[in-house]
Amino acid sequence: MTLTHNRVLNINISANATWTQNGVTVAGGNEDGDTTNQLYSPRGLFVNDDQTVVIADTSNYRITQWKNGDTTNGQVVAGGNGAGNGLHQLNWPIDVLIDKETDSLIICDQWNRRVVQWSRRSDTTQGEILISNIQCYGLAMDEQRDLYVSDTEKHEVRRYQFGEKNVTLVAGGNGKGDGLNQLNVPTYLFVDRDHSVYVSDYYNHRVMKWVEGAKEGIVVAGGQGKGNAPTKLYYPNGLFVDTLGTLYVADSHNNRVMRWTQGDEIQGAVIVGGNGEGKGANQFNFPIGLCCDRQGNLYVADAGNNRVQRFSIE
C-alpha cells in the first residue's frame, strides 16, 4: 500500500541513515518579500513525486510551487491576491497538501477559519471551501482520501470523509491540557498505514500517537517539558513517520530536526541542525515544515530564514 496522498509516501529509510549536514536552498533564501524568488515565513510544505515542492508561503498569503531544479523562481498556484476572505484569496495559509485523485491542493487557510481546495490547473483563479468555521492548522490525508485536520481552538483532530457529512473525532477533544486524552494546541499531523494519527502537541512539547479508535494518545517523543536535551522537544511542528515507525520531527525552538526510533520514546537523536540559530547551511531559524521525498531526502521550511532547505540522504 502506498500513501500517495499523504505528506509522505511509503518511505523506507534505514534505521542508521544519515543526511548531509549542509542543506541546499531549493526555495527562497533571498530575505523576506513577495517576488517570485522570495518566501515570507514559509510553514507547511509538500513534496510531489517529481520533487516539486509546494509551500505554504504564509506571510505572503499564497501557496507557491518550486519545480525540481529551478531554485530561482517559484510560481504562485493559490492566493497571492493579498490577505482576504474572497475565494480568490487566502489569509495566513499554514499547511498544504496535494490530493492526487483530483490534482488539487488542500489548504489550511487559518485566519479565514476554513479548509479550501484549489485545482492545480493553470487556469484556476479561485478555490472552494471544504470545511468552514475551524481554527485549522495541520492537514493529512489517508489512502482512502479521508482528510484529517487539527483544530487549535478546540485542541482536537477530526477526520472528514470527502463528499459526506461524516466527521469523527480522532485525537483530543477533552479541552486544553496535558493529560493523555488531551492536547494543547495541536499543529502538524501525520497518518500512517494503520490510520494511527501522529500529532505535534505544541505547548506540551511532545508528539502524540493516537491509534485508530483510541480514547487516549501515547507519548512517542518529548513530554518531558521544554528544553534541548535529547529527551526533550521545544515547540515541535512538522513531522512524518517512515515504514519502520521511526518518527522525524521539526523541533522548532531548538532549531533542529530530531529522529525518534520506535520503542525508544525516552530520547531522540539530532539528524540535521542543532547548531544554534543562524543562516548557515547547517543552521535553522525556527524550522517549521518537514517533508520527505521518495529517496528519503529531507525538506525543511526554515521560517525565520524565509527558505526551504533540502538535506540529501547519504
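A distance of 6.0 Å or more separates the ring centres of Y248 and Y299. For F190 and Y148, the ring centers sit 6.0 Å or farther from each other.
Below 30°, between 30° and 60°, or above 60°: for W92 and W111 the angle between ring planes is below 30°, a parallel geometry.
Hydrophobic clustering of Ile, Leu, Val, Met, Phe, Trp and Tyr side chains at less than 4.5 Å, counting indirect connections, unites I129 with V115. Put simply, V96 and L87 are part of the same group of oily side chains (I, L, V, M, F, W, Y) that touch within less than 4.5 Å, one to the next.
No donor-acceptor contact under 3.5 angstrom links the side chains of T246 and Q262, judged on distance only. Residues N174 and Q182 have side chains that never bring a donor and an acceptor to within less than 3.5 angstrom of each other. There is a side-chain donor-acceptor pair under 3.5 Å between H195 and E143.
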Checklist line | Intermediate values then yes/no, side chain to side chain donor-acceptor pair (under 3.5 Å), N12 and T243 | finding: CA-CA 6 Å; N12 294 295; T243 52; 2.6 Å; yes

Next item on the list: Go through the steps to decide whether Q309 and T25 satisfy the test side chain to side chain donor-acceptor pair (under 3.5 Å), and finish with yes or no.
Entry: CA-CA 5 Å; Q309 299 287 89; T25 302; 2.5 Å; yes

Next item on the list: Give the C-alpha distance, both sets of side-chain angles, the deciding distance and a yes or no for side chain to side chain donor-acceptor pair (under 3.5 Å) between T231 and Q267.
Entry: CA-CA 4 Å; T231 56; Q267 86 176 41; over 6 Å; no

Next item on the list: Quick one: do K279 and E31 satisfy salt bridge (charged side-chain N to carboxylate O under 4.0 Å, His left out)? Show the steps, please.
Entry: CA-CA 11 Å; K279 296 182 178 181; E31 304 300 332; 3.8 Å; yes

Item checked: Derivation of the side chain to side chain donor-acceptor pair (under 3.5 Å) call for R310 and N297 -> CA-CA 7 Å; R310 182 177 65 213; N297 304 309; 5.9 Å; no

Next item on the list: Decide salt bridge (charged side-chain N to carboxylate O under 4.0 Å, His left out) for D103 and R121; before the verdict, give the C-alpha distance in whole Å, the side-chain angles of both, and the deciding distance to 0.1 Å.
Entry: CA-CA 8 Å; D103 194 27; R121 289 193 344 225; over 6 Å; no

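With values rounded to the nearest 0.5 angstrom, Y188 atom OH is found 9.0 Å from L45 atom CG. The distance from the CH2 atom of W118 to the CG atom of D109 is 8.5 Å, given to the nearest 0.5 Å. Atom CD1 of I131 is separated from atom CD1 of I106 by 9.0 Å, given to the nearest 0.5 angstrom. Going from atom CZ of F46 over to atom CD1 of I55 covers 13.0 Å, rounded to the nearest 0.5 Å. Annotation: the span from M208 atom CE to L183 atom CG amounts to 6.5 Å, rounded to 0.5 Å. One distance of note links CH2 of W66 with OG1 of T72; it measures 8.0 Å at 0.5 Å rounding.
Side-chain contact between R43 and Y137 is present, with at least one heavy-atom pair separated by less than 4.5 Å. Looking only at side-chain heavy atoms (C-beta outward), H88 and T125 stay at 4.5 Å or farther from each other. Between V116 and L130, the closest side-chain pair of non-hydrogen atoms is not below 4.5 Å. Between Q126 and Q89 there is no side-chain heavy-atom pair separated by less than 4.5 Å. At a threshold of 4.5 Å between non-hydrogen side-chain atoms, the residues Y235 and V185 do not count as touching. Counting heavy atoms from C-beta outward, V54 and I98 have side chains that approach closer than 4.5 Å. Within the 4.5 Å cutoff, the side chain of I94 has no heavy atoms near those of the T187 side chain. In this structure the side chain of R120 reaches within 4.5 angstrom of the side chain of Q65, judged on heavy atoms.
A distance-only check finds no donor-acceptor pair linking the side chain of N237 to the backbone of V249 [under 3.5 Å]. Here the side chain of T20 pairs a donor or acceptor atom with the backbone of S312 at under 3.5 angstrom. A donor-acceptor pair is defined here as one N or O able to donate and one able to accept, closer than 3.5 Å; no such pair exists between the side chain of N48 and the backbone of D50. With S200 contributing its side chain and Y202 its backbone, the two residues share no donor-acceptor pair below 3.5 Å. Using a distance-only test at 3.5 Å, with no hydrogens or angles considered, a donor-acceptor pair links the side chain of Q38 to the main chain of N30. Remark: side-chain polar atoms of R206 are paired, donor with acceptor, to backbone N or O of D178 under 3.5 angstrom. Without hydrogens or angle criteria, D194 side chain to S196 main chain gives no donor-acceptor distance under 3.5 Å. A distance-only check finds no donor-acceptor pair linking the side chain of D32 to the backbone of N306 [under 3.5 Å]. Looking only at distances, a side-chain donor or acceptor of D57 sits under 3.5 Å from a matching main-chain atom of Y40. R114 places a side-chain N or O within donor-acceptor distance of the main-chain N or O of N85, the cut-off being under 3.5 Å.
For the pair F284 and V300, the tightest heavy-atom approach, listed with the atom from each and the gap, is CE2-CG1, 3.7 Å. Nearest heavy atom pair, residue W19 against residue R259, reads CZ3-NH1, 3.6 Å. Closest of all the heavy-atom pairs between Q283 and N275 is NE2-O, 3.0 Å. Contact record, T102 with S104: OG1-OG, 2.6 Å, taken as the closest heavy-atom pair. Counting all heavy atoms, side chain and backbone alike, P93 lies closest to I107 at CB-CG2, 3.9 Å. Closest approach of C292 and I11 over heavy atoms only: SG-CG2, 4.2 Å.
E277 has no carboxylate O lying under 4.0 Å from a charged side-chain N of R256, or vice versa, which leaves the two without a salt bridge. With respect to the salt-bridge test (charged N to carboxylate O, under 4.0 angstrom), the residues D151 and R158 do not qualify. For R294 and D49, the salt-bridge test passes: some basic side-chain N is under 4.0 Å from an acidic carboxylate O. For K232 and D251, the salt-bridge test fails: no basic side-chain N is under 4.0 Å from an acidic carboxylate O.
Of the listed residues (D302, T71, N285), just one forms a side-chain contact (heavy atoms from CB on, under 4.5 Å) with R307, and that residue is D302.
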